[in-house]
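First up is the structure itself, then whatever we jot down about it.
Indexing begins at 1, ligand by ligand and atom by atom, following the structure's order.
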Amino acid sequence: MSGLHGVDKVRRRLMLGCGAVMAASWLSPASSSDNRAQVVGAENPPNVRDIALRAGQAQIGLLGERGPLSDCWVYNNELFPIFRARKGERLRVTFKNALPEHTSIHWHGLRIPSDADGVPYISQAPVQPGERFLYEFAPPDAGTFFFHPHCNETGQTGRGLMGLLLVEGDTRGTPAADGDGLAGEHVLAMKDWRVREDGRFLDFKTVEGASRSGTFGTVRSVNGKPVERLTAPAHSDLRLRVLALDPTRVFDIGIEGAEAAVIAIDGHPTSPFPLKSWLLGPAQRIDLAVRMPKPGKIARVMDFRPSTPHEIATLAAVKSERSRARFAPRALEPASVPQPDLRNAQRMTFRLQAAADGAAMIAKSGSVEDPLTKALLDSLCAPGRSLWAINRQFWASEDNRQLPPPLAVLEAGRSYVWEIVNTSQHMHPMHLHGHAFTVLKSPAGEMRRYLADTVLLGPRERAEIAFVAAPGAWMFHCHLLEHQETGMMGWIRVA
Ligand code: C2O
Ligand code: CU
């Protein structure tokens with residue numbers, strides 16, 4: 001009903017969009033600094049930025065420069081292309097699907113209208129092979145965001161289909177500046193690959209993984225490479241935008257050999273606090289300000305979670321005129337996200353559960369082999385089996401050919417406090433579409449409150465988030481993609 005209505009509206013927009021001439025002013029992802037120049041030089045009044053985005057196949061080496069190529073699926077022929085926009089600027093993204101299967105684009109973490117949110121059957125019809133689709137929205141918040149399909153996500157993102165959207169909008173200039181400016185800004189987009197030695201992909205989804213902590217990749221990467229190597233002037237400050245793009249791995253990000261502060265979480269500015277180490281689950285991001293060490297010294301961005309810490313990036317300090325000043329990173333301009341009214345907020349509880357009858361479900365879903373049912377489930381982007389649930393509800397099963405009922409119906413403009421209870425033995429990075437919520441209580445005993453779009457719950461942990469409900473239909477799901485695809489997904493209706 002509301003789904004159909006949404007589809008209609010978007011189709012109309014799509015038709016309008018098809019005739020539009022695309023400026024295709026697309027920026028190369030290679031270096032962030034040349035993109036920046038274009039953004040800064042753009043006209044000041046709110047304008048429209050046209051973006052041409054094409055999902056297609058590309059041969060990319062994931063196993064080092066001399067390694068074999070893999071059949072990747074990417075946007076605009078490259079791995080993790082970076083797009084920059086200004087806060088409030090209107091983006092008109094003309095998307096073309098050149099993949100062999102249907103897809104859609106979800107703009108993760110952006111508080112944009114529901115009909116641009118990219119969820120098949122909730123906000124739009126899937127974009128079939130060969131079709132185009134127009135996404136139009138104005139990002140209301142500055143920050144580090146990314147986008148990805150919301151269909152066969154393990155398979156499509158597993159082959160690389162993701163991009164970055166960096167929204168700039170701090171009118172007070174660069175963050176982390178200590179008077180004479182920021183030496184630079186870099187992206188660290190981390191993702192593991194499920195590839196064999198010959199470059200072929202392994203299964204992205206396994207029952208073992210889906211029912212536990214997910215199926216891990218065989219090769220780690222950052223920006224598509226084994227390690228990122230950066231240089232910057234000694235004693236200068238760098239901004240690092242760190243993104244956990246793996247569907248499975250949880251990172252524990254820290255820095256060795258340099259002072260560092262967290263300046264944003266999931267894109268949203270926080271008042272800077274010293275980084276000890278920070279857990280980043282699938283889809284989560286942090287922005288760091290890092291003070292480069294003395295000339296000749298190397299600092300390292302590390303993942304401390306594995307028993308042998310893993311090196312993500314090296315930051316080599318080169319000679320500079322700069323003298324050593326106190327490290328006092330400046331706060332980014334705060335986001336203008338509506339503040340929830342905690343006193344009058346309505347409370348709701350969501351329990352994350354292993355579907356007790358998971359095994360029975362698999363046995364029962366034998367009929368999924370029936371071609372009609374299979375096609376239907378596939379077109380709904382729904383799993384054939386349910387291993388996980390939220391409040392005993394799991395995303396479409398064979399009995400549930402339409403959208404499942406919403407997990408909750410909320411009132412637009414009203415404040416809510418959600419208690420999220422993880423009753424399972426596994427971690428769940430829970431993501432709510434279309435909102436930036438305040439994390440009131442998060443598991444790790446973090447004392448501070450912060451804005452986020454994804455909250456990571458450890459085994460048997462609980463978290464509390466608060467937000468002002470925005471109108472629309474919004475997904476609430478685990479971003480460990482195998483959990484999402486085996487039931488841990490639901491939607492809320494906000495009217
Ligand atoms: Cu990045 Cu539905 O999520
Ligand atoms: Cu999960």
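Atom CG of Leu134 is separated from atom CZ of Phe95 by 12.0 Å, given to the nearest 0.5 angstrom.
Considering only residues two or more places apart in sequence or on other chains, Glu228 meets the side chain to side chain donor-acceptor pair (under 3.5 Å) condition with Asn223, Lys225. With sequence neighbours left out, Trp474 forms a ring pair (Phe, Tyr, Trp, His ring centres under 6.0 Å) with His435.
In this structure, Trp278 has its ring center closer than 6.0 angstrom to the ring center of Tyr450. Checked against the 6.0 Å centroid criterion, the rings of His433 and His431 qualify as a close aromatic pair. If you look at Phe133 and Tyr135, their ring centroids are closer than 6.0 Å.
Within the protein, the N, O or S atoms sitting under 2.8 Å from the Cu ion (ligand 2) are His428 ND1, Cys478 SG, His483 ND1. Below the 2.8 Å limit, atom 1 (Cu) of ligand 1 has as protein N, O or S neighbours His108 ND1, His148 NE2, His479 NE2.
Both the sub-6.0 Å distance and the 45° axial angle are not jointly satisfied by Arg285 relative to the ring of Phe146.
Heavy atoms only, all atoms of each residue included: Leu456 and Met427 are closest at CD2-CE, 3.8 Å.
None of Asp117, Leu91, Asp115 except one satisfies the side chain to side chain contact (heavy atoms under 4.5 Å, CB included) rule with Phe137; the exception is Leu91.
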